[in-house]
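Both ligands and their constituent atoms are indexed starting at 1 by order of listing. Here, residue 1 is the first one in the sequence, and each next residue gets the next number. Computed from a predicted structure; not experimentally measured.
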Amino acid sequence: MKLTAAHWGTYKVRNDTGKNFKLLPFEQDKNPSDIGRGIESAVVDGSRIHKPTVRKGWLDSNKKRKNIKRGEDQFVEVSWEDAFELVSKEIKRVVSTHGNESIYAGSYGWASAGRFHHAQSHLRRFLNLIGGYTYSKNTYSYAAAEVIIPHVLGNFYDFLFDTTSWESIADHTSLLLAFGGIPLKNGQINQGGVGSHNQRGYLNKASANGVKFINLSPLKSDLETTSNVEWLPLKPNTDVALILSLCYEINKAGATNRNFIEKYTVGFEKFISYLNGRTDGVVKDANWASKITGISREAIFELINKIKGSKRTMISVSWSLTRQSYGEQPYWAAIALASIIGDIGKPGGGIGFGYSAMNSIGNHYKKIPAVSLPQGKNNVKKFIPVARISEMLENPGASFDYNGSKLTYPDIKLIYWAGGNPFHHHQDLNRMIKAWQLPETVISNEWCWNALAKHSDIVLPVTTTLEREDIALAPRDPYMIFMSKVIDPIGKSKSDFEIFSGLAEKFDLKKEYTENKTEKEWIRWIYDESNALQENNHKFPDFDAFKAKGWYKHPEPIEQQILLKEFIQYPEKYPLATPSGKIELFSEQIDSFQYSDCVGHPKWYGDKEYLGNTSKYKLHLLSNQPIFKLHSQLDNGEVADNEKSDGRAIIEVNRRDANARGLSDKMLVKVFNDRGSCLAVVKISENIMLGVVNIPTGAWLDPSKNDDISCIHGNPNVLTLDKGTSNLAQGPSSHTSLVEIEQFKKEPPKIRAFDPPEIIKSK
Ligand SMILES: Nc1nc2c(c(=O)[nH]1)N[C@H]1C(S)=C(S)[C@@H](COP(=O)(O)OP(=O)(O)OC[C@H]3O[C@@H](n4cnc5c(=O)[nH]c(N)nc54)[C@H](O)[C@@H]3O)O[C@H]1N2
Ligand SMILES: Nc1nc2c(c(=O)[nH]1)N[C@H]1C(S)=C(S)[C@@H](COP(=O)(O)OP(=O)(O)OC[C@H]3O[C@@H](n4cnc5c(=O)[nH]c(N)nc54)[C@H](O)[C@@H]3O)O[C@H]1N2
Ligand SMILES: [Mo]
């Protein structure tokens, strides 16, 4: 069977003639995602990059290196030979004058599924061969958790794999508190590929079994299932206040599971002393939390009674809770609450990180071993926490804090990006666009004229997954897929492998780069090496048989998974990977860093940009994950239009907020704050709480100087806050932002997001 795979699913391919093809649902998929069909139109869209292209101003000023204006310039098409020559010469010049540290190749992003054609792996393999690059640590998804969890609970990535399985929830949970909900829209995705979509089925089964769900989120749609879900809307970024009050009141009522606290945790007394107000004079009771969160005192006590009356409670915290100012705190506070309840390590109880944030969360597969393309060794030791990019570009040499260390920003002269889109993912894009002008050269490998390509000096066109063979093998998904080539490469595009092979040749390193293997041989190598890692009774089938069938499913484990089960059963034998070996409700280590924005225990920091602080901007902007695409990917395809109105992003607004501003359904509005502005189309809704608005991410950036609008298409990141979560993790704070809205009365400007820049064509 001819199949293709993407982060959003596996599809059967029906080839017609020439470039015509259709993607049909994969028979094994219980709930196929619509997202995939978006590529049918996107792959041949006018936004496709056909040839290597160089910014005119960069070519002209190549020797003088002035007048840099990225994002507003014409481009010139060049041959691959010229492109390889230009890129290799420039890299050599930068390395010899400024050193490898001056190359930034953090190159964050999701790229495409397919284990061999993973863009970042190729970029890094190549750069490591020539001495390395400044890299980035952590993710945009949950950086705050990646850094704080090892101090207080252990390795965060392990917990994502070991999350208590849905089967265990369906069989044992009585009450599930879902902070940030369990958004099924997000469960469409899994990094590296999805065989079958299961989150909806899991959630419905748990409902049918009588699990009581409470959706603690500003958006009702964050938790939808077949049974009644109780929706407790709370002001964005105030979860910590609510959780602390639950801890306080449960403890005050004498309902703390003392046995659990004594056996499995450290630091309880210091934490309680903070809750009691002994350190700051503020008692963290229900009254206090009610004022901050907008949830009434009565509702908080009702919630407490439900927890006290529940046989088994699961606290689920969505990843979005980490992407906000002080984003370390919600997870730490939730761990404290789960400890006080004492259901950690029991079937269906305890804490869960991001059910339905991806399709694989809560399936009971252990990590399936798989090899990646070897990246070699990076000789440069400099790195930045990934979301500090603008700050790095603005402040070469400046020092900053990160997880107990004092680090300094490098002086970046060259940026090389492959497989990510910072003009999608980064916050406060107006700030970034300014900072982006500072390096001498920006190179990207892209397949479409998105804002990253338009803000590059040299753009090398890559193939999409449909134009090459690969193997999808995601360690969290039981399906392995042979990805067939569906169409020939569009224009003169090449795979990242071909691009870096071509560049390596200019450094006389082609043999080292390719190891004399072709793409097909590399795919076979990944298959064989991964197979060697499987347990004896789980070996892959013969390669040719696998290729002919198109897919293989890893055998299902028998046991339900329970997070931290071993630690709870045998705390001495299986201590946690924290300094004390226990759950740390007070962390001596974090305390020793002396950060005012992340002290030794979970704490409410009220000085953030949120609805509790006076501001001329009265609405909290959420910018959640889009339903019909993955981030900015396939925004140029037809399926993404489902989530737009007249081609622009939609802003969900509560009816009373709309009425107060004279806004009506489908009205074109300007959303703004001091950082920027964007246009969007109003959708009035009862499903979003008062004072909160939401623009899903992913609209390609489309600035308009004429209209003085940072993005006329609706990219929310022109509005979001670009500030580290705290000195501990320095993670992104994208869900922190206050805005205002007004009708946009002028002529609606034409969207140019998908138009290529002006290109001087070669023959
Ligand atoms: N406001 C706000 N911002 C957010 C978030 C939010 O919630 N709110 N969420 C954040 C999160 S969690 C994340 S993970 C990030 C996601 O941010 P990104 O991962 O950067 O977003 P993508 O749009 O997936 O970018 C992938 C890019 O890779 C390109 N690409 C695809 N395949 C290939 C390939 O084979 N080779 C090459 N060279 N390129 C390829 C695509 O065209 C696309 O431009 O966004 C973050 N930004
Ligand atoms: N369809 C689709 N699925 C995706 C992605 C995509 O782009 N498209 N991206 C994938 C990626 S990379 C990631 S990291 C995951 C992210 O998964 P999540 O982090 O779960 O993503 P979001 O949709 O941003 O957030 C979920 C909900 O959290 C709520 N929320 C935001 N701030 C707060 C808050 O302060 N308190 C509370 N209680 N709720 C809040 C919002 O209402 C939002 O709808 O999704 C993955 N899945
Ligand atoms: Mo993410």
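Of the N or O atoms in Lys185, one or more lie within a sub-3.5 Å distance of an N or O in ligand 2. The shortest N/O to N/O separation between Ala357 and ligand 2 falls below 3.5 Å. Distances between N or O atoms of Leu216 and those of ligand 2 include at least one value under 3.5 Å. Any N or O atom pair closer than 3.5 Å counts here, and Ile189 shares no such pair with ligand 2. The distance criterion of under 3.5 Å between nitrogen or oxygen atoms is not met by Thr238 with respect to ligand 2.
Not a single heavy atom of Gln191 sits less than 4.0 Å from an atom of ligand 1. Put simply, no part of Phe628 is less than 4.0 Å from ligand 2, judged by heavy atoms. In this structure, Asp496 counts as a contact residue of ligand 1, since one of its heavy atoms falls inside 4.0 Å of the ligand.
At the top of the distance list for atom 44 (O) of ligand 2, counting protein heavy atoms only, stands Asp222 OD1, 2.6 Å. Given atom 10 (C) of ligand 2, the protein heavy atom at minimum distance is His631 NE2, 3.9 Å.
Close approach to Ser141 involves these atoms of ligand 2, each under 4.0 Å from a residue heavy atom: 14 (S). Close approach to Lys629 involves these atoms of ligand 2, each under 4.0 Å from a residue heavy atom: 1 (N), 2 (C), 6 (C), 7 (O), 8 (N).
Relative to the ring axis of Trp80, Lys494 places its NZ or CZ within 45° and under 6.0 Å from the centre.
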